[in-house]
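Everything below concerns the one structure shown next.
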Amino acid sequence: MRLTVLGGTGAWPGPGQACSGYLVEHAGYRLLLDPGYATFPQLQRWAKAEDVDAVYVSHGHPDHCADLNPLLRARVLRDDPVPPLPLSAPRGALDVVLALDRPGMLDPGYVRHDFEPGESLTIGPFRARTWLLPHSKPNAGVRLEADGVVLAFTGDTGPSPHLATLARDADVLIIDSSYAEEVPEDTRGTLLSARQAGELAAIADVRRVVLTHLMPEVDDMEALQAASASFAGPIDVATIGLRVTVP
C-alpha cells in the first residue's frame, strides 16, 4: 500500500499549499481520500483524473471536498468521458459540492454511495470500517485494510473513545493535529492537537503517524515535537509530496 499526500493544511491553503488530500494505492487501485481545496492540481502530478478509481470523503467541509468539483469536471467535460466515479461519504456530505454546477451537468460522472458513519464498506480491494467522530459536521473516520496492511484516517475530530479502536495497530495513522500543544477552548471538543495525536498513537500501538490538518499558523516543527513527546515511532507532517509505502 502506498500513501501520497496531496495536501494537509487545515481550513484554507496558504501560498503553495493545499488542504486535506491523500492518494492511497494498492494492487493497482487508486482511492482518493478527502479532495480538499487545491488538491486536484497536486493529484495530477501522480495520476490523471481518469486514473482515480474511487473517492472517500470524511465530511462535508470544503477543505475536505471542494476539489471533487474539478476532478469530476475533468472526467466529464472531455471527448471520451470515463466511467462514473464511485463516491463514498456520510449521507448528505456531498450535496453542496455536487450542486456547484448546473443541474445534471456532472451526473454522468459519479455514483453516490452515501452511508451512515459506523457502517462498514468495501471500496475496491479495501475493507473500510467507519466511525462517527465528533466534529462540527458529521465526520466519518475510516480504517482501510487490504492484504494485512492497515491505514487509519480520522478526518477532523475531537477526542473520542472510538479513536483508539480506529487506530489500533495501524501501519499508518493520518490524524487531525490542528494545533501543536493546545486546542482553543471553543473547538476543544471538535479538533485535536499534535500532542494528543502522539498520545493516541502510543496507546494504540501505531507504527507510523502522519500529522494533518495543521492550521496555517501552526509551525511544523512545533507539531512534530509535541507529538514526539509521547510517541517514539516515525512521525511526519502531511506536506505535499510526502510518500509512504507499507510494508
Side-chain angles (χ1 to χ4, degrees), residues 3 5-14 17-22 24 32-39 55-68 87-97 115-118 128-144 151-167 170 172-201 204 206 209-218 220 223 226-227 236-239:
L3 166 70
V5 174
L6 310 178
T9 303
W12 70 90
Q17 296 180 331
C19 288
S20 286
Y22 319 93
V24 182
L32 178 59
L33 301 180
D34 277 17
Y37 292 128
T39 55
V55 174
Y56 178 95
V57 172
S58 63
H59 66 289
H61 280 148
D63 56 329
H64 292 260
C65 66
D67 270 28
L68 179 60
L87 308 177
S88 296
R91 196 169 308 281
L94 301 181
D95 290 353
V96 173
V97 69
F115 65 88
E116 296 296 335
R129 297 175 60 197
T130 71
W131 286 263
L132 179 63
L133 299 177
H135 193 53
S136 53
K137 279 185 178 288
N139 174 73
V142 64
R143 180 183 176 94
L144 299 170
L151 182 147
F153 173 48
T154 66
D156 292 355
T157 183
S160 168
H162 295 312
L163 286 169
T165 305
L166 181 152
V172 180
L173 170 64
I174 309 171
I175 183 168
D176 176 17
S177 307
S178 298
Y179 298 91
E181 291 284 352
E182 295 292 337
V183 179
E185 186 173 355
D186 61 341
T187 53
R188 202 160 286 170
T190 58
L191 295 172
L192 293 177
S193 68
R195 176 183 57 79
Q196 290 172 301
E199 292 170 353
L200 172 70
V206 170
V209 170
V210 177
L211 307 176
T212 195
H213 199 254
L214 277 67
M215 294 300 179
E217 69 272 17
V218 174
D220 288 4
D236 298 289
V237 171
T239 53

Quick check: do Thr212 and Tyr22 have side-chain heavy atoms less than 4.5 Å from each other? yes
Validation row: Val24, Tyr56 side chains within 4.5 angstrom (heavy atoms): no
Taking every non-hydrogen atom, the tightest pair across Pro35 and Val57: CD-CG2, 3.9 Å
Here the pair of heavy atoms bringing Ala167 nearest to Val206 is O-CG2, 3.4 Å
Do His213 and Leu191 have side chains that get closer than 4.5 Å, going by heavy atoms? yes
Test side chain to side chain donor-acceptor pair (under 3.5 Å) on Asp176 and Thr154; report intermediate values, then the result. CA-CA 6 Å; Asp176 176 17; Thr154 66; 5.7 Å; no
Looking at OG1 of Thr187 and CG of Leu192, how far apart are the two atoms once the value is rounded to the nearest 0.5 Å? 10.0 Å
Measuring only between side-chain heavy atoms, which start at C-beta, is Pro90 closer than 4.5 Å to Lys137? no
State, without any angle test, whether Thr157 and His135 hold a side-chain donor-acceptor pair at a distance under 3.5 Å. no
Check whether any side-chain N or O of Arg143 sits under 3.5 Å from a backbone N or O of Arg129 as a donor-acceptor pair, and report yes or no. no
Quick check for you: to the nearest 0.5 Å, what is the distance between His59 atom NE2 and Ser20 atom OG? 7.5 Å
Hey, is CD on Glu217 packed in by over 12 heavy atoms from elsewhere, all under 6.0 Å? yes
Between Thr130 and Gly118 (side chain of the first, backbone of the second, donor and acceptor by atom type, cut-off under 3.5 Å), is there such a pair? yes
So, taking the atom named CG in Leu211 and the one named CG in Asp236, what distance separates them when rounded to the nearest 0.5 Å? 8.0 Å
Residues Pro159 and Arg188: closest non-hydrogen pair is CD-O, 3.4 Å
Mind listing the closest non-hydrogen atom pair of Gly155 and Ser58 along with its distance? CA-OG, 3.8 Å
Would a distance-only check, ignoring hydrogens and angles, find a side-chain to backbone donor-acceptor pair under 3.5 Å from His64 to Gly36? no
Looking only at heavy atoms, what is the nearest atom pair of Val183 and Ser193, with distance? CG2-N, 3.5 Å
Separation between CG (Leu68) and CG (Leu87), nearest 0.5 Å, reads 5.5 Å
If I compare all heavy atoms of Ala18 with all of Ala38, which pair ends up nearest, and what's the gap? CB-O, 3.5 Å
Are the side chains of Thr39 and Leu32 in contact, using a 4.5 Å heavy-atom criterion? no
Distance, nearest 0.5 Å, that separates CH2 of Trp12 from CD of Gln17: 10.5 Å
Given Leu173, which partner from the list Leu163, Val210, Leu166, Leu151 fulfils the side chain to side chain contact (heavy atoms under 4.5 Å, CB included) test? Leu166
Distance-only, no hydrogens or angles: does the Asp63 side chain make a donor-acceptor pair with backbone N or O of Cys19 under 3.5 Å? no
